Amino acid sequence: MRPKQSVGQAMSIALRGMFLLFNERSFRIQMTIGIMVTALGFYVNLEPWEWMAQNIAIGLVLMAEGINTAIERLADVVQPEYDEKIGRIKDMSAGFVSIAALTAFVIAAIIYAPKLGLV
């Protein structure tokens, strides 16, 4: 069991974890997409509720990507060699990200289609 941590120590650990995620290629790709969509939001002048929905969607995708990365790393430690069961767990974990990304895409379509004259 870990010794009790101060708030500062806990924040330091969390920031270290975020830094580790920023070094992951898939996380950087999702972050780049989030930044590009945010820039588009400024261009089309989103309403406050649209900003809220967009930020929740981006956060959902980034959280899913972070959870997926952590599960994949843990699976690699538990079983470094190929294992069908571990492979299925990794596939399900990647499915989390796909569900989050699809949800974010639907939210983006609802927000941006009218603003870009697509409907």
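Because the structure is a prediction, the values reported are computed rather than measured.
Taking both residues in full, the closest heavy atoms of Val97 and Ala64 are given as CG2-O, 3.5 Å, listed atom of the first, atom of the second, then distance. Between Val61 and Ala100, the shortest heavy-atom contact is CG2-O, 3.5 Å. In terms of heavy-atom proximity, Ile111 sits nearest to Ala53 at CD1-CB, 4.2 Å. The minimum heavy-atom distance between Glu72 and Lys90, with the atom names listed, is O-CE, 3.8 Å. Counting all heavy atoms, side chain and backbone alike, Gly66 lies closest to Leu21 at CA-CD2, 3.7 Å.
Put simply, the side chain of Leu46 reaches to within 4.5 Å of the side chain of Val44, judged on heavy atoms. Residues Tyr43 and Lys115 are not in side-chain contact: their nearest non-hydrogen atoms beyond the backbone lie 4.5 Å or more apart. Contact check for Ser12 versus Gln9: no side-chain heavy atoms found under the 4.5 Å cut-off. Residues Ile107 and Tyr112 fail the side-chain proximity criterion, which asks for heavy atoms closer than 4.5 Å.
Between the CD1 atom in Ile86 and the CG atom in Asp91 there is a gap of 11.5 Å [rounded to 0.5 Å]. For the atom pair CE of Met18 and CE of Met11, the computed distance is 10.0 Å after rounding to the nearest 0.5 Å. Rounding to the nearest 0.5 Å gives a distance of 5.5 Å between CD of Glu47 and CD of Glu50. Summarising the geometry, atom CG belonging to Leu60 is positioned 10.5 Å from atom CD belonging to Gln30; distances are rounded to the nearest 0.5 Å.
Under the 4.5 Å side-chain heavy-atom criterion for grouping Ile, Leu, Val, Met, Phe, Trp and Tyr, Ile99 is not connected to Phe105 through any hydrophobic cluster. No continuous path of ILVMFWY side-chain contacts below 4.5 Å connects Met52 to Ile58, so the two sit in separate hydrophobic clusters. At a threshold of 4.5 Å between side-chain heavy atoms, the hydrophobic network of Ile, Leu, Val, Met, Phe, Trp and Tyr places Leu20 and Ile29 in two separate groups. Ile56 and Leu62 are not part of a single hydrophobic cluster, where members link through side-chain heavy atoms under 4.5 Å apart. Ile33 and Met31 fall into different hydrophobic clusters, where Ile, Leu, Val, Met, Phe, Trp and Tyr side chains are chained together by heavy-atom contacts under 4.5 Å.
Residues forming a ring pair (Phe, Tyr, Trp, His ring centres under 6.0 Å) with Phe96 (at least two apart in sequence, or on another chain): none.
Listed for the Ser93 side chain is no donor-acceptor partner under 3.5 Å among the backbone atoms of Ile89. Between the Asn55 side chain and the Trp51 main chain, a donor and an acceptor come within less than 3.5 Å of each other.
Around the CE atom of Met92, the shell of radius 6.0 Å holds more than 12 heavy atoms that belong to other residues, nucleotides or ligands.
Between Arg73 and Glu24 there is a salt bridge, with a side-chain nitrogen of the basic residue lying less than 4.0 Å from a carboxylate oxygen of the acidic one.
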